[in-house]
Amino acid sequence: MPESRFALSMDAYELITRNVSEVVTEDEVRALAEDPDGKRAYVGYEPSGVLHIGHMLTANKLIELQEAGFEVVVLLADVHAYLNGKGTFEEIRETATRMQEQFVAYGLEESQTEFVLGSEFQLDEEYVLDLHALELETSLSRASRAMAEIAGGDTATVAQAVYPLMQALDIVYLDVDLAIGGMEQRKVHMLARDTLPSIDADSPTCLHTPLIADLTSGVGKMSSSEGLSISMEDTESDIEEKVNKAYCPPTADPEPTDEGEDRENPVLQIFEYHVFPRFGEVVVDRPEQYGGDLHYESYADLEADLESGELHPADAKGALATYLNRLIEPGREKIREQRSD
RNA sequence: CGGACCGUAGCGCAGUGGCCGACGCGCUCGGUUGUAACCCGAGAGGACGCAGGUUCGAUUCCUGCCGGUCCGACCA
């Protein structure tokens with residue numbers, strides 16, 4: 001099992017905000033970091049049958065928060081998934097349990113993790129009335145702008161306008177001190193900060209994790225619905241193949257495309273946000289003819305070597321596939337069990 | 001409710017009453033590069049929104065429906 005070696009060597013604030021794209025607000029998080037024990041952090045996920053690399057990215061943050069002393073609440077957002085057109089309620093609920101088991105297999109500490117099904121409290125009268133109160137405070141265009149990065153279909157529905165307001169309310173009802181989400185969630189969280197005071201609740205403190213770029217182009221963000229994405233149901237050879245297909249110029253700062261779109265190096269991003277946070281050390285298995293194995297103790301060293309040419313992208317990819325496979329293996333095993341039931 | 005425009009491969013779009021429905025991006029395969037991208041070569045993929053009608057024949061004309069976009073004080 002991967003272990004973090006950072007828990008003891010970093011101060012709490014550093015650990016809590018490590019690898020995040022945005023801290024809202026720094027002062028609020030510093031206050032939490034002063035005494036993290038027993039503080040509650042949460043992420044909501046629309047249940048899906050299989051964890052993918054995006055789920056794992058926020059889960060990495062949850063694991064770090066647990067190391068810092070936080071209690072973690074994972075909301076299995078069945079009602080949200082339903083509102084976002086992800087299937088019938090029955091189908092969605094079916095996947096929630098599987099998802100929970102996969103999170104534990106991935107490395108969330110079971111004793112410090114509270115899994116909550118959204119429908120357990122989101123249909124209560126009090127919740128619904130509070131929700132209507134928020135609806136009264138929120139313009140349709142604000143709600144749909146907040147949903148733009150999350151919405152599944154191409155048509156905005158009324159359900160999708162309600163969705164972000166429920167997220168805001170969840171933060172109150174789950175009694176959490178810190179809301180975690182990918183950068184695609186930031187508008188929803190900002191809406192929550194603006195709106196919750198109208199029902200006498202506090203504006204939530206938020207951390208947003210980065211989004212990993214599309215694997216084959218480096219443009220935009222990786223999506224589980226299009227292009228290549230990595231999930232726990234990938235076999236070892238799937239992973240090798242996908243990583244090998246990844247866009248990987250020998251730099252951390254690739255040139256924009258001809259159309260002027262920014263590009264990232266997704267291979268490096270995965271090292272930074274997935275591999276190093278979960279493994280203390282990375283060994284790149286390199287053929288003798290190119291100089292033999294390389295050892296890295298930090299992401300920055302690996303990046304510097306790729307940049308200088310010391311580390312060839314092909315070797316970096318080989319190592320990435322190896323470590324991704326190690327990360328995914330426990331979840332892969334769990335999925336195998338789930339499917340043989 | 002009223003009006004305008006639109007609905008053609010995964011996406012963006014061209015086009016014609018009958019002749020192979022074009023192009024760009026994407027995708028697949030091969031070449032090149034110790035990865036990928038770029039580049040080169042070869043491919044796959046479409047009941048031309050649905051239902052009627054006109055016609056010898058409709059994807060192209062007409063009607064209805066469904067779906068989408070925009071407009072609806074005055075002026076123009």
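Heavy-atom basis, side chains included; hydrogens, waters and symmetry copies ignored. Residue numbering restarts at 1 for every chain, and letters A, B, ... go by the order of the sequence lines.
The same atom, C1', is picked in B:rC61 and in B:rC56; the two are 16 Å apart, to the nearest Å. Across the P atoms, B:rA37 and B:rG49 are found 35 Å apart, a figure rounded to whole Å. B:rA22 and B:rG43 are spaced 14 Å apart, taking the P atom of each and rounding to whole Å. On the C1' atoms, B:rG21 is 32 Å away from B:rG3, given to the nearest whole Å. With P as the reference atom, B:rU60 and B:rG7 are 12 Å apart, rounded to whole Å. Only the P atoms considered, B:rC66 is 22 Å distant from B:rA9, to the nearest whole Å. The gap from the P atom of B:rG17 to that of B:rG2 amounts to 32 Å, rounded to the nearest Å. The C1' atoms of B:rA44 and B:rG30 are separated by 14 Å, rounded to the nearest whole Å.
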Short heteroatom pairs, N/O only, protein and nucleotides 34-36 of chain B, under 3.5 Å:
residue	atom	partner	partner atom	Å
B:rG34	N7	A:His312	NE2	3.2
B:rG34	O6	A:Asp315	OD2	3.1
B:rG34	N1	A:Asp315	OD1	3.3
B:rG34	N1	A:Asp315	OD2	2.7
B:rG34	N2	A:Asp315	OD1	2.8
B:rU35	O2'	A:Asn244	O	3.1
B:rU35	O2'	A:Asn244	OD1	2.6
B:rU35	O2'	A:Lys317	NZ	3.0
B:rU35	O2	A:Lys317	NZ	2.7
B:rU35	N3	A:Cys248	O	2.6
B:rU35	O4	A:Cys248	O	3.3
B:rA36	O4'	A:Ala246	O	3.3
B:rA36	O4'	A:Lys317	NZ	2.9
B:rA36	O2'	A:Lys245	O	3.2
B:rA36	O2'	A:Ala246	O	2.9
B:rA36	O2'	A:Tyr247	N	3.4
B:rA36	N3	A:Cys248	N	3.3

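Residue pairs meeting the salt bridge (charged side-chain N to carboxylate O under 4.0 Å, His left out) criterion with at least one partner in residues 42-58 of chain A, sequence neighbours excluded, are A:Glu46-A:Lys86.
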**Prompt:** How does RNA chain B read in dot-bracket, base by base from 5' to 3', with Watson-Crick or G-U pairs under 3.5 Å and | used when the partner is on another strand?
**Reply:** (((((.(..(((.....[....))).(((((.......))))).....(((((..]....)))))).)))))....
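For the pair A:Asp170/A:Phe121, a side-chain contact is recorded, criterion being any heavy-atom separation below 4.5 Å from C-beta on. Annotation: side chain of A:Lys39 is not in contact with side chain of A:Glu71 (no heavy-atom distance under 4.5 Å). By the 4.5 Å heavy-atom criterion applied to side chains, A:Tyr173 and A:Asp130 are counted as neighbours.
With a 6.0 Å cutoff to the six-membered ring centre and a 45° limit on the axis angle, A:Arg278 counts as a cation-pi contact of A:Tyr106.
Around the OH atom of A:Tyr247, the shell of radius 6.0 Å holds more than 12 heavy atoms that belong to other residues, nucleotides or ligands.
Between the side chains of A:Asp214 and A:Thr216, at least one donor N or O lies within less than 3.5 Å of an accepting N or O. Side chains of A:Thr251 and A:Glu307: a donor on one and an acceptor on the other come within 3.5 Å.
Under 4.0 Å is where a charged nitrogen must lie from a carboxylate oxygen, and between A:Glu233 and A:Arg332 no such pair does.
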